[in-house]
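First the structure, in the form of structure tokens, and then the observations on it.
Lettering of chains follows the sequences in order, A, B, ..., and the numbering in each one begins at 1.
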Amino acid sequence: MPSEPELQELHTRINAWFAGIARDLPWREAACSPWGVLVSEIMLQQTPVVRVLPVWREWLQRWPTPAGLAGEPAGEAVRSWGRLGYPRRALRLHAAAVAIVENHGGKVPDNYADLLALPGVGSYTAAAVAAFAYGRRETVVDTNIRRVHARLVSGVALPAPALTAAEMRLAAQLLPDDDGTSVRWNAAVMELGALVCTARAPKCGDCPVRDSCAWRAAGEPPPSYIPKGQAWHGTDRQVRGAVMAVLRVAEGPVPAEMFQREPADLGFAPEGIGVPLAALHRLNSAPEQLERALAGLLADGLAEVQHGGYRLPG
DNA sequence: CATCCGTGGGA
DNA sequence: TTCCCAAGGAT
């Protein structure tokens, strides 16, 4: 743990660095509403900024307020989520909008506890919205901040596989006392992790606090564990993704047979869903896996059955 | 607490 | 080409 003067120095250097290099993202603008911040935080979960930008703009133009989104079927949220991934986030964001209208008069809550109670909002997102939308002093801890703390203070290459209580305590200790400075600090450390102190090949030459880095001082020791990659090929997730791609472009309910058999075998042409349907069939997944994927989508509320076919939730 | 849940760009 | 992984949350 840095001494008090060392801590001040870190605050000063990292915040000054941020002031000079911060990307001007639309949800960082002063005019951006708390709703805009909330939407951005949900979309940014496990998703790169560059892919979020265009979808975020469409969403804020179409649904400038929580009430706007809450007034439409959940399926519209899922459809307009496009290919951002993890479509359950769209479903939960819609549910959050409904909850905001019903329980908060249509206004995004301004405190951690109320934010945390919203669907799809966990500890990170609740803290981030309270801080970035309302200027509150919150301990914001995301994957970037964890990595910066791990290297800069703890002297290890990577943070633990899962967020620990010790990490939260450290983050709380590092947080500046002043409200405004703390908000800037949260954004700055996050940006440092995203642009400089990256997971692979960190750009230490560009780091404003490289001379204070415990990991560098220790000779940049390698990670003590190997992160286990996420399986993809042949998984249910892949099949679910392919099914969702079909449902997003479908006009009406998609007959169950279309998922099981080649369109050519069905004797009629699917309306506009040929490409994603072909991609699904190309996976050549076992019938039981397809069943499992469809059942999972129904259970998650990402799909509904109507007239014997599958569609996005109405 | 480990596992599941999408996607696509870059190394 | 294959692998990695990016502003997590829910169970």
Looking at [X], does any N or O in its side chain come under 4.0 Å of the phosphate oxygens OP1/OP2 on [N]?
X: A:Arg51; N: B:dG9; answer: no
X: A:Ser123; N: C:dG8; answer: no
X: A:Gln46; N: C:dG8; answer: yes
X: A:Lys228; N: B:dT3; answer: yes

Taking atom C1' in both B:dG8 and C:dT1, compute the distance separating them and give it to the nearest angstrom.
15 Å
B:dG6 and C:dC5, which share atom name C1', separated by this distance in whole Å:
12 Å
Which label fits A:His149 and A:Trp185: parallel for a plane angle under 30°, tilted from 30 to 60°, or perpendicular past 60°?
parallel
Contact class for [X] (heavy atom, under 4.0 Å): base, sugar-phosphate, or nothing?
X: A:Arg146; result: nothing
X: A:Gln238; result: nothing
X: A:Thr143; result: sugar-phosphate
X: A:Leu25; result: base
X: A:Ala194; result: sugar-phosphate
X: A:Arg248; result: sugar-phosphate

Less than 4.0 angstrom from a charged side-chain N to a carboxylate O is my criterion; do A:Arg13 and A:Asp211 meet it?
yes
Write down the distance between CG (A:Leu91) and P (C:dA10), rounded to a whole number of angstrom.
12 Å
Measure the distance from OH on A:Tyr124 to C1' on C:dA6 and round it to the nearest whole Å.
12 Å
Ignoring hydrogens and geometry beyond distance, is the side chain of A:Arg237 in donor-acceptor contact with the base of B:dC4 at under 3.5 Å?
no
